[in-house]
Amino acid sequence: MIDLAQELQQNTYPGRGIVIGKSEDGRHAAIGYFIMGRSENSLNRVFVKEPDGIRTEAHDPAKLSDPSLVIYHPVRRVGDVTIVTNGDQTDTIANLLQSGSHGAATAFERALRTRTFEPDPPILTPRISGIVEKNGDYRLSILKSADGDASSAQRFFFEYTDEKPGIVHFIHTYAADGNPPASFAGEPKTARISGCINCFTKLLWENLNAQRKISLYTCFIDLETGEAEERILNRHLGD
């Protein structure tokens, strides 16, 4: 069990991160997704709302040099399933779910088995992904290179069912800052959260490195009604 605030404070560049679990009252699925950056192209982004989730957008279109790995839909909903990822694999998962040929768990894994890490040598950034089902059960995944070897891909999947209230799991792209930054390794980290969605949002936003953080999305989904309460914070918009 980690202290999530301390974990974020100690890593100046976790990159992009997913936090999924259950609220302290046990009534909501809790989802958090943040992005950070070091280059001008990466830092030049905001989250904007979409009917089925959110997407990234260039804050200043004139400064956007390469959209391929920075413009995507981090969050999409397909029926009762919420998808959150750090890249365009969101669409890969959503498309398979929408086909109706597989359930959520099977679609999640089958879709990600067609994908690999990002083509951004020498970093080879991992692709991290998660889904949350109607009952609050969730899955996380990381697709990464084998110790920086671009010829070898590793795919890891983690399943969480009937988790206790206030428990979340945290996975992110980079283990630490560096040049290039080292990839995340091991299982998603377990932490506790408390309070409402505003407390959850504050916990994540205020403990991310001020120079590197860009945007944050949080969501509490009512496990009885399916109603979603969301927050979006963008550094460039003064949030």
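All heavy atoms count here, side chains included; hydrogens, waters and symmetry mates do not.
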Report yes if the side chains of Leu204 and Tyr33 come closer than 4.5 Å at any heavy-atom pair, otherwise no. no
By salt bridge (charged side-chain N to carboxylate O under 4.0 Å, His left out), Lys134 pairs with (sequence neighbours left out) none
I'd like to know if Arg231 pairs up with Glu229 as an ion pair, taking the criterion as any Lys NZ or Arg NE/NH1/NH2 lying under 4.0 Å from an Asp or Glu carboxylate oxygen. yes
Other residues, nucleotides, ligands: >12 heavy atoms within 6.0 Å of Arg27 CZ: no
Angle class for the His236/His59 ring planes (parallel below 30°, perpendicular above 60°, tilted otherwise)? parallel
For Arg155, is the CZ atom crowded, meaning more than 12 foreign heavy atoms sit under 6.0 Å from it? yes
What's the separation between atom NE2 in His169 and atom NZ in Lys189, rounded to the nearest 0.5 Å? 12.5 Å
Going by atom types alone, do Tyr174 and Thr125 pair a side-chain donor with an acceptor below 3.5 Å? yes
Donor-acceptor check, side chain of Ser65 to backbone of Asn41, threshold 3.5 angstrom: yes or no? no
Give a yes or no on whether the backbone of Gln6 and the side-chain of Asp3 come within a donor-acceptor separation of less than 3.5 Å. yes
Yes or no on side-chain hydrogen bond (donor to acceptor under 3.5 Å, both in side chains) for Glu24 and Ser194, after CA distance, side-chain angles and deciding distance? CA-CA 5 Å; Glu24 185 181 28; Ser194 60; 4.6 Å; no
Measure the shortest side-chain to side-chain distance between Leu216 and Thr201 over non-hydrogen atoms and say whether it is less than 4.5 angstrom. yes
Value rounded to 0.5 Å, distance of CD1 in Ile54 from SG in Cys219: 10.0 Å
Which of parallel (below 30°), tilted (30 to 60°) and perpendicular (above 60°) describes Tyr160 and Tyr138? parallel
Where do Lys49 and Glu230 land on the salt bridge (Lys or Arg N to Asp or Glu O under 4.0 Å) test, with the steps shown first? CA-CA 10 Å; Lys49 190 77 178 69; Glu230 301 169 305; 3.4 Å; yes
Please step through side chain to side chain contact (heavy atoms under 4.5 Å, CB included) for the pair Leu4 and Asn207, ending with a clear verdict. CA-CA 9 Å; Leu4 191 51; Asn207 289 291; over 6 Å; no
Is a side-chain N or O of Thr114 found less than 3.5 angstrom from the main chain of Ala111, in a donor-acceptor match? yes
In Å and rounded to the nearest 0.5 Å, what is the CG to CE distance from Leu8 to Met36? 8.0 Å
Out of curiosity, Arg55 CZ to Ile71 CD1, how far, rounded to the nearest 0.5 Å? 8.5 Å
So do the side chains of Glu187 and Phe156 get within less than 4.5 Å of each other, counting heavy atoms only? no
Looking at Lys63, I want to see if its NZ is surrounded by more than 12 non-hydrogen atoms of other residues, nucleotides or ligands under 6.0 Å. no
Between Ser23 (side chain only) and His28 (backbone N and O only), is there a donor and an acceptor less than 3.5 Å apart? yes
With a 4.0 Å cut-off on N to O distance, would you call Asp52 and Arg77 a salt bridge? no
Check: Ile31 and Thr82 side chains under 4.5 Å, non-hydrogen atoms: yes
Say you draw a straight line from CG of Asn86 to CD1 of Ile128; how long is it, rounded to the nearest 0.5 Å? 4.5 Å
Donor-acceptor check, side chain of Thr90 to backbone of His73, threshold 3.5 angstrom: yes or no? yes
Does atom NZ of Lys202 have more than 12 heavy-atom neighbours, drawn from other residues, nucleotides or ligands, at distances under 6.0 Å? no
Nearest 0.5 angstrom please: Gln10 CD to Ile2 CD1, how far? 9.5 Å
Transitive ILVMFWY cluster of Ile131, excluding itself - 4.5 Å side-chain cut-off: Val78, Val81, Ile83, Ile93, Leu97, Phe108, Leu112, Leu143, Phe157
Should Asp137 and Thr161 be marked as a side-chain hydrogen bond (donor to acceptor under 3.5 Å, both in side chains) after you check the CA-CA gap, both sets of side-chain angles, and the distance that decides it? CA-CA 5 Å; Asp137 289 348; Thr161 60; 5.1 Å; no
Answer with yes or no after comparing the ring centroid distance for Phe47 and Tyr217 against a 6.0 Å cut-off, counting only values under it. no
Given 3.5 Å as the limit, does a donor-acceptor pair link the side chain of Asp222 with the main chain of Gly226, or not? no
Salt bridge check, Glu118 against Arg16: does any charged N sit closer than 4.0 Å to a carboxylate O? yes
Have a look at Ser42 and tell me which of Arg38, Glu40, Arg45 forms a side-chain hydrogen bond (donor to acceptor under 3.5 Å, both in side chains) with it. Arg45
Please check if the side chain of Lys213 supplies one atom and the backbone of Trp205 the other of a donor-acceptor pair under 3.5 Å. yes
Should Ser101 and Leu96 count as side-chain neighbours, where that means a heavy-atom distance under 4.5 Å? yes
Main-chain N/O of Val46 paired with Asn234 side-chain donor or acceptor, under 3.5 Å: no
Close side-chain approach of Glu227 and Phe220, heavy atoms under 4.5 Å: no
Taking the side chain as every heavy atom from C-beta outward, state whether Ser183 and Lys144 have any atom pair closer than 4.5 Å. yes
Backbone N or O of Thr116 within a donor-acceptor pair of the Arg127 side chain at under 3.5 Å? yes
So Asp91 and Arg76, do their side chains get closer than 4.5 Å, heavy atoms only? yes
Can you establish whether the number of heavy atoms outside Arg110 located under 6.0 Å from its atom CZ is more than 12? no
Phe170 ring center near His172 ring center (under 6.0 Å): yes
Side-chain donor/acceptor of Thr12 to backbone N/O of Asn209, under 3.5 Å: no
Is Glu159 salt-bridged to Arg139, going by a charged N under 4.0 Å from an acidic O? yes
